[in-house]
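This report refers to the structure that appears directly beneath it.
We count residues from 1, following the sequence as given. Each ligand, and each atom within it, is numbered from 1 in the order the structure gives. Only this structure's heavy atoms are used, side chains among them; waters, hydrogens and symmetry mates stay out.
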Amino acid sequence: MTIQDKLAELRHSTLEKLKQANLEKSKEIQDLRVEVLGKKGSLTEILKGLKDLSAEERPVIGKYVNEVRDVLTEAFDNANALIEEEKIAMQLASETIDVTLPGKPVAVGNRHVLTQTAEELEDIFLGMGFQVVDGFEVEKDYYNFERMNLPKDHPARDMQDTFYITEEILLRTHTSPVQARTMDQHDFSNGPLKMVSPGRVFRRDTDDATHSHQFHQIEGLVVGENISMGDLKGTLQLISQKMFGEDRKIRLRPSYFPFTEPSVEVDVSCFKCGGEGCNVCKKTGWIEILGAGMVHPSVLEMSGIDSEKYSGFAFGLGQERIAMLRYGINDIRGFYQGDARFSEQFKG
Ligand code: PHE
């Protein structure tokens, strides 16, 4: 066989093989390419015979060799391109999108149950014309105690020991200092002062299921002309109904706070048993929810408010206590541990 015949035969057989090659198996085509066009392939093998050709024949055959190489290279390239196309077509066929399938839900967080409780209470008070005021967690002894009628040597300070930054600066033990700060600012020619102030407070306490060295309160304060105990009772009655149900009643018991006179402890009728007595109300039918009272005249006077002309009521409630009662939470530590499983129970 002449070189020319060999080349023609190689071209023919390779193209034939390519035609029959399984396009799904790109490896088969790659192997064939190496076999034919590779360094040690059939073409190279045939070219070894070139050296036996005459000087006239060589350029003619050389040209033919190039032509065969080009034709085959192109044929392999085409085959590869076809394989790629086929691959993509197959992928597209198997990856059809069903737009009617439900989408993957995006994981959305939720507000902390205490935030929810505070915001719910704020909403109720905003609806009654109260303003929401922020206070300082790091507070002066002066506002936390002295302005609340607890001078330096007052025995009632013992009930609210706290963390001291300096002798005069401490972590506030209640939200009540916000009362003094707000009264100092209020212009009574614009009408009565009605405010609530939610926030974190601190006490020296041993943490257990019902005690925490930091917790949250909401302070309430109304000061104006002719503000009476009846206004306090009416306001708290409404709050109790909104938070614990329309049928709730409240009960006031005498108590003591240095900054209110008279002072009361407020109970709400049990929302679980309705007053019959059960495990939630410890068989009494009543649940203690907050402390309150009429603002002590000295507290008004310290803000420069004429206690003959103006009077007021104040109350302070614990956010944790309200949330624990409403949701049946029996360990206060759950609020602070940052366990998402705790929070997820109160999606709202
Ligand atoms: N500040 C009181 C406490 O933390 C609660 C309170 C507020 C009582 C306002 C009366 C009036 O115990």
Side-chain angles (χ1 to χ4, degrees), residues 114 118 121 125 130 132-133 135-137 139-151 154-163 170-183 193-205 210-224 227-237 239-240 250-268 287-300 302-303 305 307 310-322 324 332:
L114 285 180
L121 281 159
F125 283 109
F130 283 58
V132 179
V133 181
F136 298 117
E137 289 176 8
E139 186 50 283
K140 289 183 173 158
D141 181 287
Y142 175 68
Y143 286 106
N144 192 78
F145 289 130
E146 292 192 31
R147 289 292 301 275
M148 290 295 111
N149 226 9
L150 285 133
H154 199 290
R157 280 194 179 209
D158 270 4
M159 296 190 298
Q160 299 194 6
D161 195 7
T162 183
F163 303 87
L170 44 75
L171 299 188
R172 68 177 177 188
T173 60
H174 50 179
T175 41
S176 298
V178 189
Q179 286 187 28
R181 287 182 175 277
T182 317
M183 282 191 284
L193 165 61
K194 295 161 81 178
M195 68 110 197
V196 286
S197 183
R200 183 174 303 205
V201 301
F202 308 81
R203 302 229 177 137
R204 200 221 68 79
D205 221 333
T210 51
H211 295 86
S212 168
H213 63 282
Q214 46 177 304
F215 56 102
H216 299 75
Q217 292 187 328
I218 293 187
E219 192 78 12
L221 174 71
V222 173
V223 181
I227 301 295
S228 73
M229 197 92 182
D231 297 314
L232 169 64
K233 200 172 173 189
T235 305
L236 297 179
Q237 171 69 47
I239 299 303
S240 304
I250 58 164
R251 169 176 92 167
L252 309 188
R253 283 179 291 113
S255 184
Y256 170 75
F257 298 102
F259 35 91
T260 45
E261 183 59 38
S263 300
V264 288
E265 215 77 63
V266 182
D267 300 336
V268 62
I287 303 169
E288 185 186 321
I289 54 163
L290 54 87
M294 298 306 292
V295 181
H296 196 291
S298 306
V299 173
L300 294 174
M302 280 187 270
S303 273
I305 297 168
S307 62
Y310 299 101
S311 55
F313 67 77
F315 58 88
L317 57 84
Q319 292 179 29
E320 281 84 348
R321 180 149 177 77
I322 301 284
M324 287 171 88
I332 198 170

Considering the heavy atoms of [X], write down every atom of ligand 1 situated less than 4.0 Å from one of them.
| X | value |
| --- | --- |
| Phe315 | 7 (C), 9 (C), 11 (C) |
| Ala314 | 9 (C), 11 (C) |
| Gly291 | 6 (C), 8 (C), 10 (C) |

* To do: Identify, for atom 5 (C) of ligand 1, the protein heavy atom at the shortest distance, and state residue, atom and that distance.
  => Gly316 CA, 4.1 Å
* Distance to 0.1 Å, residue and atom name: give those for the protein heavy atom nearest to atom 2 (C) of ligand 1. => Phe259 CZ, 3.7 Å
* To do: Could you check if a side-chain atom of Leu150 sits within less than 4.5 angstrom of a side-chain atom of Gln160, using non-hydrogen atoms only?
  => no
* With a 4.5 Å heavy-atom cut-off, do Thr175 and Val201 have their side chains touching? -> yes
* Is Arg253 salt-bridged to Glu288, cutoff N-O under 4.0 Å? -> yes
* So does Arg147 pair up with Glu139, basic N to acidic O under 4.0 Å? -> no
* Asked: Under 6.0 Å between the ring centres of Phe257 and His174?
  -> no
* Any chance the rings of Phe125 and Phe315 have centres within less than 6.0 Å? -> yes
Are any of the N/O atoms in [X] less than 3.5 Å from those in ligand 1?
| X | answer |
| --- | --- |
| Arg203 | yes |
| Gln217 | yes |
| His174 | yes |
| Ser176 | yes |

* Structure fact -> Honestly, for Ser263 the part within reach of ligand 1 (heavy atoms, under 4.0 Å) is neither
* May I ask you to decide if the ring planes of Phe202 and Phe163 are parallel, tilted or perpendicular, using 30° and 60° as cut-offs? => perpendicular
* Is Met159 near ligand 1, meaning one of its heavy atoms is under 4.0 Å from it? -> no
* Whether Ser197 side chain and Val133 backbone form a donor-acceptor pair below 3.5 Å -> yes
